[in-house]
Amino acid sequence: MQKINLAATLIFCLGLSAHLSAQRVTYLESKNAPLVISDKGDTLKNAWAGGFANPQFNTIDVDGDGVEDVVVFDRSDGKNLVYLAKPNFKFIHAPELEILFPQCRAWVRLVDYNHDGKKDFFAYSQEGAGVEIYKNITTTAGQLRWKKITGLLLDFNKDNLYCSPGDIPYIGDIDGDGDIDVLAIDIYQTRIQLYRCRSFDKYGTNYNKYDSLDYALCDGCWGRIEEPAGGNIPILNIKDAWNFCDNKFLKFHKKHGSFSLNIFDEDGDGDMDLVQGDLYSNYLILMKNGKSSSTKADSISSYDTTYLSKVKRPVMPTFLQSFFEDINGDGKRDLLVSAQDGGNVVSFNSMWYFKNTGSDKAPDFKFVQKDFLQNEVLSAGLSASPAFLDYDHDGDMDMVIATQGDYAQNGHNADKLVLYKNIGTVAKPVFKKVNDDYMGISKRKWWTLTVAFGDLNGDGKPDMLMGENSGTIAYYKNIATTGNDSFVLVDANLDAIDVGYLSTPAIADINNDSLNDIVIGNLDGTFSYYQNKGVSGTPSFKLITAKFGDTTTNWYYREYNSPTDTPLVPSAYGSSSPICGDFDNDGKLDMMSGSWHGVLMFFPDIRANLTGKFSRVESLIYNNTFGKYSNKSFGTYTRPAAYNYTKDSIQIFLGTSRGGVIFLQPTINYTVIADTFRRMDFRLYPNPTKNDFTIEGDIAQSLEISINNMLGQLVLKKEVNNFSGQETISVANYPKGVYLIMIKDSKKGVQVQKLVVE
């Protein structure tokens with residue numbers, strides 16, 4: 001991705017030299033975002049965090065202030081969301097710190113395995129059904145950093161510690177010896193296996209050896225329980241249980257389904273109890289450990305299917321998970337409960353917080369709330385697709401979000417539109433939720449809706465297009481004469497359009513003939529261009545190409561363990577989601593798109609090449625933590641909308657599969673550039689060259705010179721102090737080709753030029 005980033009840099013810097021005629025499109029997850037008011041009148045403090053679907057909770061000091069913060073890993077799309085802990089039980093979403101965490105999927109556990117006082121990162125392995133580990137190597141200055149220790153944790157027999165991506169294992173000290181064990185569901189999905197770390201056995205309390213990660217499968221039926229297929233009530237006292245020492249063969253059992261495991265001493269009796277959730281139940285089960293002092297074997301002696309009912313029993317559609325973490329910073333671990341079934345996401349009241357009013361060793365949980373962090377986030381329901389229109393004709397733009405809604409309410413088969421009215425001003429919007437089922441769309445029973453507004457029939461009023469799962473497009477005509485916009489369904493399958501699956505329309509005058517056309521994204525990641533061939537008052541759309549721009553939003557990758565010269569292959573899906581506008585302020589029509597893998601993509605000046613291949617730029621997101629641009633993923637199935645309320649740059653509102661929206665503020669516009677950067681007039685000669693070249697320009701205090709080849713690889717980086725006006729650099733040993741020379745000076749000047757080496 002460095003190559004694409006460099007190309008974007010070149011476009012940006014050449015634009016500076018051309019009197020600001022072209023800008024690099026870059027965005028920042030800004031804290032200076034519009035306010036959002038809930039339907040209850042509450043201001044949402046972390047409105048634009050993107051929502052929650054299947055949250056998992058961990059605590060760690062992210063910003064180095066000595067206070068543990070909350071990291072929410074969302075199982076649905078692999079996002080780590082960082083919430084900084086502030087006094088008085090306040091949490092502030094810090095998206096700029098999310099780049100500090102490795103990308104992963106399925107599950108995450110933060111635990112200190114090497115006794116250095118810093119929590120390490122355990123996650124589902126990208127290499128297979130197992131565990132990967134990143135060691136916490138936070139600097140003395142408190143900067144959080146990780147070092148990958150293993151991509152697949154193995155036991156002493158060189159077998160992987162089996163963990164299914166469907167289950168959520170427990171990683172912690174199971175046997176009380178101080179080292180970190182792994183408790184996971186077996187491959188047959190019926191029993192719990194204990195992988196015991198043997199560091200203490202070998203090295204005692206010599207904690208310098210605790211990073212040995214020496215594991216053995218010691219118990220193939222931890223707790224002596226078994227889960228029946230299709231049920232959730234455990235069978236106790238399993239007699240054919242085995243352990244590593246007697247090495248008995250484990251007979252085949254029918255598969256049960258996914259499990260979530262949490263281990264802690266719930267009753268304060270000195271042994272580890274199990275709180276378990278599973279795919280077939282909508283509640284948690286507490287399993288009491290009757291560990292014998294003589295045999296020292298963990299053995300579940302009883303279970304309680306009404307766990308927490310004396311306080312307030314958390315009930316969600318299916319597959320609950322509990323987390324034992326100190327959320328409020330009082331030194332006592334609290335209990336959090338959420339849902340983990342990706343298909344049955346509960347978008348509201350699904351992050352339950354129980355405060356520990358007892359001790360850490362003998363907890364006593366008191367219910368506090370069922371919407372921890374959720375009550376401060378804009379969330380319309382699973383799979384949010386925003387769009388803007390002035391529905392009430394008051395001169396400012398309101399926000400409409402197409403969403404699958406809440407599974408607990410509609411089973412995700414009655415998508416709807418949620419309306420947020422702008423109660424602020426044009427320049428300073430404030431969005432308040434005013435209608436949870438705008439236009440009663442849920443009655444249509446459509447699935448995976450997307451929405452776009454634009455004038456299709458030439459009457460000056462915005463009409464509405466809706467895409468959905470089957471790949472068709474529904475056309476709603478705006479029939480309002482006075483007052484609020486009013487839409488009527490004209491055609492549920494406009495002009496028999498069918499783009500496959502997950503149609504996502506955008507309305508724009510693509511060919512500059514004063515009639516609005518349609519560009520439609522789909523699951524495959526391509527774009528279809530339908531030209532408006534109708535007349536005023538009667539739109540009619542004809543397919544021009546199903547491969548508009550000869551491009552996709554698919555992710556290109558090299559398969560694991562493939563040789564470095566193996567060609568990259570595209571991902572199976574791209575889930576393109578286009579919007580059109582002049583995003584770089586050069587007076588020309590561009591296209592932006594969300595994608596299946598969550599990266600925002602930019603396609604500049606599309607009218608200049610309607611029948612050719614569009615250029616694709618991905619490194620659009622500026623990160624303050626590292627001061628660099630990246631192709632950050634915002635999750636999966638991201639869907640952007642544009643709103644230019646500052647009149648000098650276009651803001652992006654990015655819908656997520658988690659049901660929320662992320663606000664992206666342009667970092668560069670005309671005003672900022674004029675104040676921040678100055679034009680530079682360096683020249684390179686000779687060019688082309690064979691041996692060396694000279695940089696000539698104004699005398700400066702210092703220069704930073706970078707040379708990159710066209711693959712985006714850094715070839716040379718050189719600091720020149722007290723630049724005298726000329727600097728000669730040898731390229732005699734460089735391969736023939738084109739290089740990009742970037743020059744920065746101490747006054748924030750930036751210039752990029754091409755150099756040809758013959």
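Computation of the quantities below employed the complete heavy-atom set of this structure, encompassing side-chain atoms and omitting hydrogens, waters and symmetry-equivalent molecules.
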Ser260 vs Gln340, test: side-chain hydrogen bond (donor to acceptor under 3.5 Å, both in side chains). Steps then yes/no. CA-CA 8 Å; Ser260 65; Gln340 295 298 309; over 6 Å; no

Contact between Leu44 and Ser38 at the side-chain level, heavy atoms closer than 4.5 Å - yes or no? yes

Between Phe367 and Trp352, is the ring centroid distance below 6.0 Å? yes

What pairs with Asp394 under salt bridge (Lys or Arg N to Asp or Glu O under 4.0 Å), at least two apart in sequence or on another chain? Lys421

Result of checking Ser593, Ser657, Ser383 against Arg639 for side-chain hydrogen bond (donor to acceptor under 3.5 Å, both in side chains): Ser383

Please check: side-chain N/O of Asn422 versus main-chain N/O of Val430, any donor-acceptor pairing under 3.5 Å? yes

For Asn478 and Ser486, the nearest pair of non-hydrogen atoms, with its separation, is OD1-O, 3.2 Å

How far apart are the closest heavy atoms of Ile401 and Ala384, and which atoms are they? CG2-CB, 3.7 Å

Would you call the rings of Phe431 and Phe653 parallel, tilted or perpendicular if under 30° counts as parallel and over 60° as perpendicular? perpendicular

Can you tell me how the ring of Phe91 sits relative to the ring of Phe372, calling it parallel under 30°, perpendicular over 60° and tilted otherwise? perpendicular

Within the distance-only criterion (no hydrogens, no angle test), does the side chain of Thr448 pair as donor or acceptor with the backbone N or O of Glu468 below 3.5 angstrom? no

Aromatic ring proximity Phe323/Phe57, centre distance under 6.0 Å: yes

Can you name the closest pair of heavy atoms from Tyr420 and Ser379 and give their distance? OH-O, 4.4 Å

Before giving the answer on side-chain hydrogen bond (donor to acceptor under 3.5 Å, both in side chains), spell out for Ser76 and Asn54 the whole-Å C-alpha distance, their side-chain angles and the decisive distance to 0.1 Å. CA-CA 6 Å; Ser76 68; Asn54 301 135; 4.6 Å; no

State whether the number of non-hydrogen atoms from other residues, nucleotides or ligands found under 6.0 Å of Lys432 atom NZ is greater than 12. no

Establish, from distance only, whether the side-chain atoms of Gln374 and Ser350 form a donor-acceptor pair under 3.5 Å. yes

Which pair of non-hydrogen atoms, one from Tyr645 and one from Gln651, has the smallest distance, and what is that distance? N-OE1, 3.3 Å

What is the distance from atom OH of Tyr391 to atom CG of Asp398, rounded to the nearest 0.5 Å? 6.0 Å

So Phe603 and Met592, do their side chains get closer than 4.5 Å, heavy atoms only? no

Is Lys119 paired with Glu68 through a side-chain N to carboxylate O contact shorter than 4.0 Å? yes

Between Asn262 and Ser322, do the side chains contain an N or O donor and an N or O acceptor separated by less than 3.5 Å? yes

So, for Phe101 and Asn80, which heavy atoms are closest and what is the spacing to 0.1 Å? CB-ND2, 3.8 Å

Would you check if there is a donor-acceptor pair between the side chains of Gln665 and Glu29 at a distance under 3.5 Å? no

Regarding Arg658 and Asp77, does a basic nitrogen lie under 4.0 Å from an acidic carboxylate oxygen? yes

For the residue pair Asp334 and Asp326, establish whether any side-chain heavy-atom pair is separated by less than 4.5 Å. yes

Going by atom types only, do Ser442 and Asp437 share a side-chain donor-acceptor pair under 3.5 Å? yes

With a 4.5 Å cut-off on side-chain heavy atoms, are Asp61 and Asp69 touching? yes

Taking the six-membered ring for Trp, are Phe89 and Tyr353 parallel (under 30°), tilted (30 to 60°) or perpendicular (over 60°)? parallel

Parallel, tilted or perpendicular, as decided by the 30° and 60° cut-offs, for the rings of Tyr573 and Trp596: tilted

Can you label the angle between the Phe583 ring and the Phe602 ring as parallel, tilted or perpendicular, going by 30° and 60°? perpendicular

I'd like to know if Lys416 pairs up with Asp436 as an ion pair, taking the criterion as any Lys NZ or Arg NE/NH1/NH2 lying under 4.0 Å from an Asp or Glu carboxylate oxygen. yes

